[in-house]
Each structure stands twice: as C-alpha cells, then as structure tokens.
Amino acid sequence: DIQMTQSPSSLSASVGDRVTITCRASQSISRYLNWYQQKPGKAPKLLIYAASSLQSGVPSRFSGSGSGTDFTLTISSLQPEDFATYYCQHSYSTPPYTFGQGTKLEIK
Amino acid sequence: EVQLVESGGGLVQPGGSLRLSCAASEFTFRSYSMNWVRQAPGKGLEWVSYITTTGSSTYYADSVKGRFTVSRDNAKNSLYLQMNSLRAEDTAVYYCARGTGVVAASPYYFDYWGQGTLVTVSS
C-alpha cells in the first residue's frame with residue numbers, strides 16, 4: 001500500500017502569513033493527490049484535487065503543486081478561518097486511498 | 001445541495017455488530033461510487049471502504065477486511081456498512097463520502113461528505 005507522509009505535523013502562523021504544507025508519497029502517484037481541510041467537529045472539506053485543481057467555491061489563496069512523490073499545499077495569505085487541520089490523500093490506481101497523518105495549523 | 005446523512009452509530013460491546021446507513025439526496029446516487037472514512041477520537045482520517053456505482057466491486061482497508069461489508073441500494077439512494085466482530089480500535093466517527101472521477105482512470109476525489117456518526121466499542 002502507498003504511504004503518505006505530511007510535514008510538518010503542526011504549524012503556528014499568523015494572519016497574513018504564507019504557509020506551505022508538504023506531502024510525500026512512498027511511490028510515484030503521478031498527480032493523483034487531493035487536499036482536504038477539517039475544522040473541529042466538522043466533516044472534511046475538499047480543497048484541491050488532482051494535485052493542483054481548485055475545488056469549486058474554494059478561495060484562490062489555496063493552491064497545490066507537485067507530481068510524482070512530492071506535493072505542496074500553499075495558502076498565500078492566511079485568514080482567520082483557515083486555522084484547521086489539513087490532510088493529503090492519494091487516489092492512485094485502486095484503493096486503499098491512504099490519507100496523510102494531518103497538519104494542524106494553529107494561530108501564533 | 002448534495003446531502004449525505006449517516007445514521008446507525010452508537011455504543012456496542014466488543015465482538016458485537018452494527019449497521020451504518022448513509023442516505024443520499026439531491027444528486028443521482030446510482031451514478032457515483034461511494035466511500036466510508038473513519039476518524040478515531042483525536043486522530044487522523046482513515047479510508048475504510050469503497051463501492052462501485054452498481055455494487056459489483058468493493059475494496060476494504062486491511063484493518064477491517066473480513067469484518068466489514070459495504071453495500072448499497074440505488075433504489076433507496078442509500079449506502080450501508082455492516083460492521084461485525086467489532087473491536088475497541090473501531091471506535092470512531094464514520095463518514096460516508098461521495099467519490100467523483102473514475103478509479104484508476106482519472107483523478108478521483110471525495111467531494112461531498114456526511115456529518116458523520118459515532119461508533120463506540122466498549123464493554
């Protein structure tokens with residue numbers, strides 16, 4: 001099975017900061033990489049699919065890049081509502097579609 | 001607006017069984033594959049199971065294989081997860097999630113999620 005590793009596990013930042021979260025796959029997954037945002041007590045929300053495609057309704061300050069094994073999620077200017085936990089997930093080939101362990105983004 | 005509503009969670013003893021349901025509305029349910037994802041208290045997301053549009057093919061995480069069974073009733077716009085031989089480590093919020101795309105042929109992602117139902121396995 002493909003393993004997904006995110007870094008960092010937690011991150012403190014301020015409103016207005018530019019933030020980057022990294023996700024690494026244990027083997028090449030082409031661009032079959034998704035990013036989700038989850039707030040406490042809520043279901044995850046899709047942000048980015050296919051590595052860099054922005055889901056409808058998601059603010060343009062969110063962007064994704066990468067291919068193969070290394071991917072990044074960037075938030076260009078943090079807003080108060082962006083403080084949450086972020087997960088990457090691969091969708092390469094057939095399931096299992098593993099998630100990364102999550103990155104908790106906290107207010108500095 | 002697409003809606004997914006899970007139900008059936010609760011407290012069950014180790015070794016017991018539970019059946020979760022996910023009621024779908026405001027989209028053509030039979031046209032989408034579906035997934036179950038769980039989240040143990042304070043932990044990350046774990047993909048659990050996948051089912052094709054017709055139910056002809058299913059996949060499971062190793063942690064639940066042989067104990068859980070996913071099924072669907074397209075006439076009732078419903079997804080199910082039969083959970084047997086439950087263990088303490090199955091305690092989690094269980095989410096159903098709609099899959100968009102074609103597995104192994106195009107980008108595939110979970111674009112809509114339910115609110116989740118809590119399963120607690122404890123004596």
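In the text below, chain A, chain B and the rest are named by the order of the sequence lines, each starting its count at 1.
When each of A/His90, A/Lys45, A/Gln38 is scored by its heavy-atom pairs under 4.5 Å with chain B, the top score falls to A/Gln38. Between chain A and the options B/Tyr109, B/Tyr108, B/Tyr95, B/Tyr59, the largest number of non-hydrogen pairs under 4.5 Å is found for B/Tyr109. Ranked by heavy-atom pairs shorter than 4.5 Å toward chain B, the options A/Ala51, A/Ala50, A/Pro44, A/Ser53 are led by A/Pro44.
The aromatic rings of A/Phe99 and B/Trp113 sit tilted relative to each other, their planes meeting at an angle between 30° and 60°. Between B/Tyr50 and A/Tyr97, the two ring planes are perpendicular [angle over 60°; tilted spans 30° to 60°].
Proximity to chain A is absent for every atom of B/Ser57, based on heavy atoms less than 4.5 angstrom apart. With a threshold of 4.5 angstrom between heavy atoms, B/Ala105 approaches chain A through N, CA, C or O but not through any side-chain atom. Contact annotation for A/Tyr36: only side-chain heavy atoms (C-beta onward) come within less than 4.5 Å of a heavy atom of chain B. For B/Val37, the part lying under 4.5 angstrom from a heavy atom of chain A is the side chain only.
Separating the CG atom in B/Leu45 from the CD atom in A/Gln89 is a distance of 8.5 Å, to the nearest 0.5 Å.
A/Leu46 is not listed as a side-chain neighbour of B/Thr100, based on a closest heavy-atom distance of 4.5 Å or more.
Connection of A/Phe71 to A/Phe62 is established within a shared hydrophobic cluster, with ILVMFWY side chains joined at heavy-atom distances below 4.5 Å, either directly or through further cluster members.
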